[in-house]
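Just so we're clear, the structure is a prediction, and the values are computed from it rather than from any experiment. Just so it is clear, the values below take in all heavy atoms, side chains as well, and ignore hydrogens, waters and symmetry mates. Residue numbers begin at 1 in each chain, while the letters A, B, ... track the order of the sequences.
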There are 4 protein chains.
Amino acid sequence: MSQDSQIPLVIAASTNNSVRRRGRPRSERIHQAILQAALAIVQEVGFSELTIEGIAARAGTSKLAIYRRWPTKAAVVMEAFLDQATSKLPLPFPDTGSVVDDFRRQMRSVVKLLTGPYGKLLSTLLGGIQIDGQLAEAFRSRWLEPRRMETKRALQRGIDRGELPPEIDLDALVDALYGPLYFRLLFGHQRLTTKLLDCVVEMVFDGLTSK
Amino acid sequence: MSQDSQIPLVIAASTNNSVRRRGRPRSERIHQAILQAALAIVQEVGFSELTIEGIAARAGTSKLAIYRRWPTKAAVVMEAFLDQATSKLPLPFPDTGSVVDDFRRQMRSVVKLLTGPYGKLLSTLLGGIQIDGQLAEAFRSRWLEPRRMETKRALQRGIDRGELPPEIDLDALVDALYGPLYFRLLFGHQRLTTKLLDCVVEMVFDGLTSK
Amino acid sequence: MSQDSQIPLVIAASTNNSVRRRGRPRSERIHQAILQAALAIVQEVGFSELTIEGIAARAGTSKLAIYRRWPTKAAVVMEAFLDQATSKLPLPFPDTGSVVDDFRRQMRSVVKLLTGPYGKLLSTLLGGIQIDGQLAEAFRSRWLEPRRMETKRALQRGIDRGELPPEIDLDALVDALYGPLYFRLLFGHQRLTTKLLDCVVEMVFDGLTSK
Amino acid sequence: MSQDSQIPLVIAASTNNSVRRRGRPRSERIHQAILQAALAIVQEVGFSELTIEGIAARAGTSKLAIYRRWPTKAAVVMEAFLDQATSKLPLPFPDTGSVVDDFRRQMRSVVKLLTGPYGKLLSTLLGGIQIDGQLAEAFRSRWLEPRRMETKRALQRGIDRGELPPEIDLDALVDALYGPLYFRLLFGHQRLTTKLLDCVVEMVFDGLTSK
DNA sequence: GTATAAACGAGACGGTACGTCAGGTCTTTCT
DNA sequence: AGAAAGACCTGACGTACCGTCTCGTTTATAC
């Protein structure tokens, strides 16, 4: 899926723009080094301990090279995350013939993602979102929406097969399924386990299917 | 309910301690001025833009007067929020005789809270939680847990009356009910409405009760 | 001569001000450390290579401690110079009974000063004067004017004794005597020697006295 | 007088070099634009506020185009000044038959120059000289020395005619005459007037001639 | 009543990071 | 091959807050 061309880039940091600018082009090597450094640091010490100077030092470049590309450290981290997210974190829906099984499996990989190193990163980004509107928009359009679309497609298969009632509020259903997972991730009051997701799937789908 | 005495205070900021210290006592006026200033600033510019110096300036006092009372800015804000929260934001559970109705009503006031001015403050604090561990712990112990306890008590009434199966995972159920609301609050991908909570309540409880 | 109280301080960096300011007083130790560091660096590498960060590092203090006291690095150096100048560089006029001899001797010590380490510093400061008006005013009032007053007093003795005609323009005479010395110092086209001063004294005084 | 060929060019920036280089020739238009921009800026804000980037911006060219021609900003300004100086500021010595009259007249035009707009520029350059050794050397060889040579020639005429004693130290005499003028220009303690020059000429020459 | 203990405002202190600027060098495309 | 544009690394700029530390003053209790 050629996602990059479809989704409007909120963050104007694209280097491989076809309309060549004059002057020396920005180094792709530096671009990547900055993103990697930012990712590494944020996972080591968290967002608030992350500094532009630290990124520059680790990436072997200068602060200015960073400021030339992104306006805030939040934007850097977001880009770094999305770079990884779209390529390495697929979270695919299987098509087992049973909607419930499809979700049980996919949500299992979501839980795995959220409890791993990217979970910390994600919650950090969500922290940034509460403050920065641009960041929020970028996050929604580049991470959340693509994922919700796919989720709705999986649910639609269930409706088409008669497993789910056709009049259901898809948006509410998606929130009911994933909301509890992120709830635990963000509040941290309890460990996020597969047991939770099993409970949620059971409650939500049994309520819908048993009618 | 004498909540303040039950819950162990993480933040040792109680002023009206009966064991009078020698020397000049801390000014209650200053105490309140600091909390008000912190609350105002955090609502205006968010947690990360909040500074101790800013609070001191707005409160017409000195940094030291703040540090004497709280160790971090997170603690100040949390105290300020909780002052408001415990007094002005009751979110009570009615006892209608039907668990589902009890929750439908209570969650309606939660939605009202989250969509009002305190919703912004809450999401700001949740943003801060992702960054500041101390803030997170204070938030959980002084806001979240008391609320969860009360919620579980309301659910227990349902179990006792036979409305809910006794073997259910209460924690998972609480997350299933409230998670979707906070999900929308924090991601902002859709408006948080009472329609959502009706859908969630229907899905979750119908799934459990219809068996 | 209690110079410090007479001359109005252009640079408001005086610490031993009798009108106590509120808050923690500025450290005299740091004050001195900054001045010494500035003096040392300026003599080693010159004014343009001097940086505030360098001064702070050498003085074992912070940039802010410097900015709190002086607005520019020029002001720091000026203060440092004047501190030394007023205490350690006396350039006294003897009273031999002969004006010409008085000047020959005093100017000899001026030449010695200008060709020594303070000569480099002085020319540096004169460079700064061309750029910074405040600096210029400070230099004139705290270094130049006291010196000119003393010089005129020495000349007056000559007039009183009948060695010099009473109608002479004292300011022009002072410039005629010292101008050539500073001319060589600043343009650096020729070495500044005692021979020059002897020539100048001879030309100027012989012209005046032989009438 | 073919000055350009006599004086060794410290600054290798000559454009109308007869030995044609290969490739596209440097634009004379740009050359002039840079010099004009430099001159304008230095007169507006002084040497220390002058930047290469500022010159490039004002001249509508790039930094590299400047670096291709001059090694330092000092060199640019010096070239700009000398361009003006050699063409528009002649300061000629008349040959009236009387050395004293010759100097009185020539120095009058010097005073006029120093008190006009070029006086400010000159003092700025002299400020730069104290800081930048290269600038100093360029200034001496291209401005000062030619002027001193001419001055000495004028004095020699006086010696040849018997107006001045043949054994005098010409360098000291030149400094005695012009030093006081520059002294006032650079220290700014008194206005630079023709009265001063009259006094100086009288003192210096009367001392020498009356023997 | 008078110590005395602590809070108070004010602000200096050594730090760290900020975001900007200019230096001087380089790489690319255009002319 | 020069010109312009602009990226590059470097390093200093002046500022903002941090959390701590004097100061001199004020306000309570405790002796």
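Summarising the geometry, the separation between CH2 on A:Trp70 and P on F:dA7 is reported as 13 Å, rounded to the nearest angstrom. If you measure from atom CZ of B:Arg26 to atom C1' of F:dT26, you get 17 Å, rounded to the nearest angstrom. Between the P atom of E:dC18 and the NZ atom of A:Lys73 lies a distance of 7 Å, rounded to the nearest Å. We find that NE2 of C:His31 is positioned 14 Å from P of E:dA12, with the value rounded to whole Å. Atom P of nucleotide E:dA22 and atom CD of D:Glu49 are separated by 10 Å, given to the nearest angstrom. What separates CD of B:Glu28 from C1' of E:dA7 is a distance of 14 Å, to the nearest Å.
Side-chain atoms of A:Arg24 and base atoms of E:dC26 include a donor and an acceptor less than 3.5 Å apart.
One end of the helix from E:dG1-F:dC31 to E:dT31-F:dA1 points its axis 10° away from the other end's axis, with each axis taken from 5 pairs and the angle rounded to 10°.
For C:Arg29, no side-chain nitrogen or oxygen approaches OP1 or OP2 of F:dT22 to under 4.0 Å.
Residues B:Gln32 and B:Glu28 bring a donor and an acceptor atom of their side chains to less than 3.5 Å of each other.
Distance check: B:Thr61 OG1 to B:Ile30 CD1 gives 4.5 Å after rounding to the nearest 0.5 Å. To the nearest 0.5 Å, atoms CG (D:Leu126) and OG (C:Ser123) are separated by 11.5 Å.
The stretch residues 50-68 of chain A touches DNA chain E through A:Thr51, A:Ile52, A:Glu53, A:Lys63, A:Leu64, A:Tyr67, each having a heavy atom under 4.0 angstrom from the strand.
At least one side-chain heavy atom of A:Arg26 sits under 4.5 Å from a side-chain heavy atom of A:Arg68. By the 4.5 Å heavy-atom criterion applied to side chains, D:Glu137 and D:Ser141 are counted as neighbours.
Remark: C:Lys120 is not positioned above the aromatic ring of C:Phe47, lacking an NZ or CZ atom under 6.0 angstrom from the ring centre and at most 45 degrees off the axis.
Note: B:Phe139 and B:Phe81 have parallel aromatic rings, judged against thresholds of 30 and 60 degrees for the angle between ring planes.
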I would like to know whether C:Val77 and C:Leu121 meet side-chain contact (heavy atoms from CB on, under 4.5 Å); could you show each step before the answer?
-> CA-CA 9 Å; C:Val77 175; C:Leu121 178 56; 3.9 Å; yes

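With salt bridges taken as basic N to acidic carboxylate O contacts below 4.0 Å, none links C:Glu53 and C:Arg58.
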